[in-house]
Amino acid sequence: MIRIGLVGEYKPEVQAHIAIPQALVLAANDLGCQYEAEWLETPLFEQGAEEKLVGYQALWFIPHTPYASMGGALKALQYARERLIPTLGTCGGCQHMLIEYARNVLGIREADHAEEHPDAAVLLITPLACSNTGVITACHLSPGSHVASIYGVSEAIEQYGTCNYGPNAQFWPELERGGMHISGRDQQGEARIIELERHPFYIGTLFQPERSAFKQVVHPLIRAFLQAANDLVIPQS
């Protein structure tokens with residue numbers, strides 16, 4: 001049985017939060033595996049994150065930010081990254097993956113999110129010129145990337161929810177040198193998918209792959225996320 005933690009505050013009016021359980025059911029049925037998923041509010045991880053997360057084989061950092069506790073979310077992300085726990089971050093979850101990595105790996109300790117701290121000294125996540133609301137975009141996948149191997153194609157069509165913030169492009173060279181890679185870009189060359197090298201599954205998307213569940217489609221990233229977790233439960237011979 002795979003235990004999945006859905007990190008973030010559940011809100012029944014948020015379409016992505018409706019879609020996530022449906023997307024997991026579709027992927028689990030396709031894989032023929034069993035799982036249980038639990039919504040985990042971010043303040044839980046302000047203290048003792050390791051003890052509270054040790055029983056989970058996968059963590060999904062969900063959309064709809066700001067989180068109740070940015071600090072709690074970042075501690076949970078650090079645990080998942082360092083302990084090689086399969087991790088998916090979508091929309092706001094992806095943005096927080098970048099902040100955690102910048103702070104704790106690259107040493108950019110003041111890296112922050114303009115949504116929560118607009119006056120921060122280092123804004124890694126900044127407002128978009130135009131809101132991406134329900135936008136459907138084509139993502140060009142980097143050859144040889146983990147993401148490209150998961151999709152099995154060179155281009156994927158994906159959909160946003162409501163996205164008002166995105167990563168500040170000036171930090172991409174430093175992130176890339178540090179091992180956090182852009183593995184999917186839109187037609188304008190903007191980053192849309194990130195992945196971490198030397199990790200079994202640490203992938204973030206600025207779109208919401210879970211929305212595929214509304215069309216009863218098994219999304220390849222969500223399927224691969226569950227597969228990586230299942231491999232921890234049942235080691236492959």
Side-chain angles (χ1 to χ4, degrees), residues 4-8 16 19-20 23-24 27 42 58-67 70 73-106 108 111-113 115 124-126 128 132 135 137 139-142 145-151 156 158-169 171-172 174-176 178-186 190-212 219-226 228-229:
I4 304 169
L6 305 176
V7 181
I20 286 170
L24 288 171
T42 53
L59 296 173
W60 185 335
F61 290 79
I62 66 172
H64 201 72
T65 53
Y67 293 132
M70 183 178 183
L74 296 181
K75 287 181 179 179
L77 278 162
Q78 183 175 7
Y79 170 85
R81 176 179 55 77
E82 293 179 345
R83 297 306 178 94
L84 303 181
I85 304 301
T87 303
L88 177 63
T90 57
C91 197
C94 174
Q95 295 164 13
H96 284 75
M97 290 171 115
L98 292 167
I99 292 171
E100 189 279 324
Y101 199 75
R103 288 186 181 185
N104 296 324
V105 178
L106 303 182
I108 310 174
D112 219 321
H113 199 304
E115 184 177 29
L124 186 70
I125 307 299
T126 53
L128 299 174
N132 286 331
V135 170
T137 184
C139 283
H140 302 283
L141 309 178
S142 300
S145 66
H146 189 188
V147 163
S149 69
I150 289 169
Y151 276 93
E158 297 291 356
Q159 184 176 2
Y160 287 89
T162 299
C163 182
N164 297 314
Y165 294 86
N168 187 335
F171 293 100
W172 281 123
E174 194 165 355
L175 287 160
E176 286 276 356
M180 179 70 79
H181 301 302
I182 301 170
S183 48
R185 298 177 183 268
D186 67 12
E190 297 291 335
R192 291 295 173 256
I193 312 175
I194 60 167
E195 64 182 57
L196 183 62
E197 63 184 38
R198 296 189 295 275
H199 195 290
F201 190 103
Y202 199 85
I203 292 172
T205 70
L206 291 169
F207 51 82
Q208 295 179 349
E210 56 267 28
R211 286 175 174 262
S212 61
H219 196 284
L221 284 179
I222 297 169
R223 187 185 190 280
F225 171 61
L226 276 185

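The ring of Tyr67 has its center closer than 6.0 angstrom to the ring center of His96.
Scanning both residues, Pro86 and Phe225, for their nearest heavy atoms gives O-CE1, 3.5 Å. Pairing each heavy atom of Arg198 with each of Leu84, the nearest pair is O-CD2, 3.9 Å. Cys94 approaches Leu206 most closely through the heavy-atom pair SG-CD2, 3.9 Å.
Side-chain N/O atoms of Thr65 and Glu115 include a donor and acceptor closer than 3.5 Å.
Between the side chain of Gln208 and the backbone N or O of Ala16, no donor-acceptor pair lies under 3.5 Å. In this structure a side-chain-to-backbone donor-acceptor pair under 3.5 Å is missing from Tyr165 to Gln95. Under a 3.5 Å cut-off, the side chain of His199 and the backbone N or O of Ala80 do form a donor-acceptor pair. Side-chain N or O atoms of Glu195 include one that pairs as donor or acceptor with a backbone N or O of Val147 at under 3.5 Å.
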Check: Are Phe61 and Thr42 close enough, and set up right, to give a side chain to side chain contact (heavy atoms under 4.5 Å, CB included), and what steps lead you there?
Finding: CA-CA 10 Å; Phe61 290 79; Thr42 53; over 6 Å; no
Note to self: Quick one, Tyr151 with Cys139, criterion side chain to side chain contact (heavy atoms under 4.5 Å, CB included). Give me CA distance, side-chain angles, the key distance, then yes/no.
What the structure shows: CA-CA 11 Å; Tyr151 276 93; Cys139 283; over 6 Å; no
Note to self: side chain to side chain contact (heavy atoms under 4.5 Å, CB included), that's the test. Do Arg81 and Thr87 meet it? Break it down for me.
What the structure shows: CA-CA 8 Å; Arg81 176 179 55 77; Thr87 303; over 6 Å; no
Next item on the list: Check the pair Asp112 / Met70 against side chain to side chain contact (heavy atoms under 4.5 Å, CB included), numbers first and verdict last.
Entry: CA-CA 10 Å; Asp112 219 321; Met70 183 178 183; 3.4 Å; yes
Check: After noting the C-alpha distance and the side-chain angles of Glu158 and Arg192, does the key distance pass the salt bridge (charged side-chain N to carboxylate O under 4.0 Å, His left out) rule?
Finding: CA-CA 10 Å; Glu158 297 291 356; Arg192 291 295 173 256; over 6 Å; no
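Side-chain contact between Leu24 and Trp60: present, with at least one pair of heavy atoms (C-beta onward) separated by less than 4.5 Å. Two residues are said to be in side-chain contact when any heavy atoms from C-beta on lie closer than 4.5 Å; Ile194 and Tyr101 fail this criterion. In this structure the side chain of Ile108 never reaches within 4.5 angstrom of the side chain of Leu124, judged on heavy atoms. At least one side-chain heavy atom of Pro63 sits less than 4.5 Å from a side-chain heavy atom of Ile20.
The distance from the OG atom of Ser183 to the CD1 atom of Ile203 is 6.5 Å, given to the nearest 0.5 Å. Interatomic distance, His113 NE2 to Leu74 CG, rounded to the nearest 0.5 Å: 10.5 Å. Atom CG in Leu221 sits 6.0 Å away from atom CD1 in Ile193 (nearest 0.5 Å). In this structure, CG on Asn168 lies 11.0 Å from CG on Leu98, to the nearest 0.5 angstrom. Considering CD1 of Ile182 and CD of Glu176, their distance stands at 5.0 Å, rounded to 0.5 Å. How far OG1 of Thr90 is from CD1 of Ile222: 8.0 Å, rounded to the nearest 0.5 Å.
Under the 30°/60° scheme for interplanar angles, the aromatic rings of Phe201 and His146 are found to stand perpendicular.
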